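In this text the structure is predicted, and so the values were computed from the model without any measurement.
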Amino acid sequence: MELYDNLVSLGAWNIIVTICNTLITFLIVKKFLFGPVRKMLAARSEEVQAMYDEAETDRKQAAAMKKDYTESMANAKQEAAEITQTATRRATARSEEILAEATRQAVDLKKKAEQSIEQERKKAMNEIKDEIAGLSVMIASKVVEKDINADDHKRLIEDFIDKVG
C-alpha cells in the first residue's frame, strides 16, 4: 500500500505539474496543429465555394448560350423561309417575264406573217392584172387585125377565159 500511498502522496504537486504539462501540450498543439488545420479547412472551404460559384456562373452562361442558340436557330429558319419566298417570287416574276416576251414575239411573228401574206396576195393580184392586161392587148390586137363577127367574138372570149381560168 505504500506503493499506492506514494503515488497518492505526490498528488498535489504532481497534479499541478500534470495540468501544466497538459496545458502546455494543448497550447503547442493549438498553435502548431489546430491553426494550420483551421487555415487549411478555411482555404478548402473557400476553394469549394469558389468551385460552386464558378459552376453556377458556367451554368448561367450555358443557359444564356442555349437561349442565344435557340434564338439564332429560329432566326436562321425565318431567314431561310424568307430567302425561299424571295426566290419563289423572283422565279415567278421571271417566268411571267419570259411568257410575256414569248407572247410578244408570237404576236410579232403573226403580224409579220400576215403582212407577208398580204404582200404576196397583192403581188399575185398585180401579176394577174398584168397578165389580164397582156391578154387584153393581145385580144385587142387580134380584133384590130381582123374583122370580127359574132362567132369570132364568142370564140375569142372563150379563148380568153380558157387562158385566164
Side-chain angles (χ1 to χ4, degrees), residues 26-165:
F26 176 74
L27 289 175
I28 288 173
V29 168
K30 181 179 176 185
K31 171 102 172 147
F32 292 110
L33 185 65
F34 287 148
V37 169
R38 281 188 185 161
K39 285 181 184 177
M40 185 183 72
L41 288 175
R44 181 67 179 148
S45 176
E46 288 176 7
E47 186 178 321
V48 168
Q49 186 61 42
M51 291 172 96
Y52 280 133
D53 292 343
E54 184 178 342
E56 182 64 23
T57 303
D58 289 345
R59 187 191 63 78
K60 287 179 182 176
Q61 286 178 349
M65 288 173 66
K66 181 181 177 185
K67 181 182 175 186
D68 290 344
Y69 174 77
T70 304
E71 289 175 359
S72 175
M73 288 302 293
N75 288 340
K77 286 180 182 177
Q78 183 179 2
E79 286 178 19
E82 289 175 3
I83 289 170
T84 303
Q85 288 175 350
T86 302
T88 303
R89 277 188 264 126
R90 285 183 181 168
T92 303
R94 181 65 181 140
S95 67
E96 288 174 359
E97 289 175 8
I98 291 171
L99 287 173
E101 179 66 21
T103 304
R104 186 189 60 76
Q105 288 177 354
V107 168
D108 288 347
L109 286 174
K110 184 179 176 183
K111 285 181 183 176
K112 286 180 182 178
E114 288 173 352
Q115 289 173 352
S116 176
I117 290 170
E118 183 63 27
Q119 287 176 351
E120 288 296 322
R121 189 184 65 77
K122 287 180 181 178
K123 183 178 176 183
M125 291 297 283
N126 287 337
E127 287 176 0
I128 290 172
K129 285 180 185 178
D130 290 342
E131 192 173 324
I132 289 173
L135 289 174
S136 299
V137 169
M138 186 175 67
I139 290 173
S141 66
K142 285 185 179 182
V143 169
V144 170
E145 287 179 8
K146 60 179 173 169
D147 200 11
I148 298 181
N149 60 19
D151 291 331
D152 289 336
H153 185 61
K154 189 175 180 182
R155 189 179 46 80
L156 285 176
I157 291 174
E158 287 176 4
D159 288 340
F160 176 75
I161 291 174
D162 286 339
K163 286 182 182 180
V164 171

Tell me if a side-chain donor or acceptor on Ser116 pairs with a main-chain N or O of Lys112 at a distance below 3.5 Å.
no
Spacing of CZ belonging to Arg89 relative to OG1 belonging to Thr92, to within rounding of 0.5 Å
9.5 Å
Interatomic distance, CZ@Arg59 vs OG1@Thr57, rounded to 0.5 Å, equals 9.5 Å
Check whether any side-chain heavy atom of Lys31 sits under 4.5 Å from a side-chain heavy atom of Leu27, and report yes or no.
no
Is Glu118 close to Arg121 at the side-chain level, that is, under 4.5 Å between some pair of heavy atoms?
yes
Over 12 non-hydrogen atoms of neighbours within 6.0 angstrom of CZ in Arg104
yes
To the nearest 0.5 Å, what is the distance between OG1 on Thr103 and CD1 on Ile98?
11.5 Å
The complete set of salt bridge (Lys or Arg N to Asp or Glu O under 4.0 Å) pairs with one or both residues in residues 60-78, sequence neighbours excluded, reads none
Distance-only polar pair, side chains of Gln49 and Asp53, donor-acceptor under 3.5 Å
yes
Is there a side-chain contact between Glu82 and Gln78 (heavy atoms, below 4.5 Å)?
yes
So CG of Leu41 and CD of Glu46: to nearest 0.5 Å the spacing works out to 11.5 Å
Roughly how far apart are Glu120 CD and Lys123 NZ, rounded to 0.5 Å?
5.5 Å
Donor-acceptor side-chain pairing of Gln105 and Glu101 below 3.5 angstrom
yes
Test: salt bridge (Lys or Arg N to Asp or Glu O under 4.0 Å). Region: residues 34-44. Which pairs qualify, not counting sequence neighbours?
Arg44-Glu47
Is Lys111 salt-bridged to Glu114, going by a charged N under 4.0 Å from an acidic O?
no
